[in-house]
Amino acid sequence: MARGHVILSHGLESGPEATKVSALAQVAEHLGWSHERPDYRDLDAGRRPEDIAARVARLQALARAHTGPLVLAGSSMGAFISGEVAGHLAGGGGTSSTGPTLLGLFLMAPPIAMPGWWPTPLQAPASLPTMVVHGWDDELIPAAAVIDWCAARKAELRLVDDSHRLAAHVDYSASAFADLLKRVDA
């Protein structure tokens, strides 16, 4: 029996077989967690605000269908929707005997705010164990915004010498993810 379940969400211009979410899936499996990698590519083609809402709804349905311990993880847009769904689960009693028990959140290169795309900044709950890996040289999401967001939540932040894609830190991100899974499993 698995220790818990992880849902790994890919970013835009990516897919469920992407390098980063594949590396995280290997870590989850190695540590005895079941996992799934939803495919959002059908929702990403239009690049419209309503597509983000559809991504959130899809992930929320998958998360709510799961019973037992749950960790949400994602990269870029996948990180954003993971944080949003974590907020919905925490606000809607995400720890019931018939639904998921949300244990943690792992975000890589999270968009903290998306003016013109989403009405509010990322709403992940402050009380949830959260780890963020972000590049100092992220060309899309300034590191300073992520530092402020993490500080407000006392989220663990690991800043690395990389860009938005975190291409030079896939193994590092996987190791950080293992740290979070071990911590919430204790």
Subject >> Residues in side chain to side chain donor-acceptor pair (under 3.5 Å) contact with Asp179, at least two apart in sequence or another chain >> reply: Arg158
Original post:
Mind checking what makes side chain to side chain contact (heavy atoms under 4.5 Å, CB included) contact with Asp51, not counting sequence neighbours?
Top reply: Arg48
Original post:
What residues, two or more places apart in sequence or in another chain, satisfy side chain to side chain donor-acceptor pair (under 3.5 Å) together with Thr19?
Top reply: none
Subject >> Minimum-distance pair of heavy atoms, taken over all atoms of Ser173 and Leu166 >> reply: OG-CD1, 4.5 Å
Subject >> Nearest heavy atoms of Ala73 and Phe177, plus distance in Å >> reply: CB-CE1, 4.0 Å
Original post:
Are Leu140 and Pro111 side-chain neighbours, meaning at least one heavy-atom pair lies under 4.5 Å?
Top reply: no
Original post:
Do you know the tightest heavy-atom contact between Ala23 and Val170?
Top reply: CB-CG1, 3.8 Å
Original post:
Going by the side-chain hydrogen bond (donor to acceptor under 3.5 Å, both in side chains) test, which pairs reach into residues 117-128, not counting sequence neighbours?
Top reply: Glu84-Trp118
Original post:
Taking only residues two or more places apart in sequence or in another chain, which ones pass side chain to side chain donor-acceptor pair (under 3.5 Å) with His35?
Top reply: Glu29
**OP:** To the nearest 0.5 angstrom, please state how far the CD1 atom of Ile141 sits from the CE atom of Met114.
**Re:** 9.0 Å
Original post:
Can you tell me how far the CD atom of Glu50 sits from the CG atom of Leu43, to the nearest 0.5 Å?
Top reply: 11.0 Å
**OP:** Mind checking the CG-CE spacing from Leu180 to Met131? Nearest 0.5 Å is all I need.
**Re:** 5.0 Å
Original post:
Of all heavy-atom pairs between Gly87 and Pro125, which one has the smallest distance, and what is that distance?
Top reply: N-CD, 3.5 Å
**OP:** Evaluate side chain to side chain contact (heavy atoms under 4.5 Å, CB included) for Arg55 paired with Asp44, printing each intermediate quantity in order.
**Re:** CA-CA 9 Å; Arg55 260 183 171 248; Asp44 294 345; 2.8 Å; yes
**OP:** With sequence neighbours excluded, tell me which residues meet side chain to side chain contact (heavy atoms under 4.5 Å, CB included) with Leu31.
**Re:** Val27, Trp33, Ala178, Leu181, Lys182
Original post:
Does any N or O in the side chain of Ser34 come within less than 3.5 Å of the main-chain N or O of Gly4, such that one atom is a donor and the other an acceptor?
Top reply: yes
Original post:
Is the closest side-chain heavy-atom distance between His134 and Pro110 below 4.5 Å?
Top reply: yes
**OP:** Could I get the full list of side chain to side chain contact (heavy atoms under 4.5 Å, CB included) partners for Ser175, not counting sequence neighbours?
**Re:** none
Subject >> Considering all heavy atoms, the nearest Val184-Gly104 contact >> reply: CG1-CA, 4.4 Å
**OP:** Calculate, to the nearest 0.5 Å, the distance between atoms CD and CG belonging to Glu156 and Leu107 respectively.
**Re:** 12.0 Å
Listing, residues 6-18 side-chain donor-acceptor contacts under 3.5 Å, not counting sequence neighbours, or none:
unit_1	atom_1	unit_2	atom_2	d
Ser9	OG	Tyr40	OH	2.8
His10	NE2	Tyr40	N	3.0
Glu13	OE2	Arg47	NH2	2.4

Subject >> Where Leu128 and Ala86 come nearest, the two heavy atoms and their spacing >> reply: CD2-CB, 3.9 Å
Subject >> Exceeds 12 heavy-atom contacts within 6.0 angstrom, atom CZ of Arg165 >> reply: no
Original post:
Can you list the residues that meet the ring-ring contact (aromatic ring centres under 6.0 Å, His included) rule with His164, with sequence neighbours excluded?
Top reply: none
Original post:
More than 12 heavy atoms of other residues, nucleotides or ligands under 6.0 Å from CG of Asp171: is that the case?
Top reply: no
Original post:
When rounded to the nearest 0.5 angstrom, what distance separates CZ in Phe80 from CD1 in Ile52?
Top reply: 6.5 Å
Subject >> Side-chain heavy-atom pair His66, Glu36 within 4.5 angstrom cut-off >> reply: no
Could you pull out all donor-acceptor pairs under 3.5 Å where a side-chain atom in residues 142-153 meets a protein atom, sequence neighbours excluded?
unit_1	atom_1	unit_2	atom_2	d
Trp149	NE1	Leu122	O	3.2
Arg153	NE	Ala124	O	3.0
Arg153	NH1	Trp149	O	3.2
Arg153	NH2	Leu122	O	3.4

Subject >> Reported CG-to-NE2 distance for the pair Leu159 and His169, which is rounded to 0.5 angstrom >> reply: 10.5 Å
Original post:
For Ser75, which residues count as a side chain to side chain contact (heavy atoms under 4.5 Å, CB included) partner, sequence neighbours excluded?
Top reply: Lys20, Met108
**OP:** Can you sort out the partners of Asp137 under side chain to side chain donor-acceptor pair (under 3.5 Å), two or more places apart, ordered by chain and number?
**Re:** none
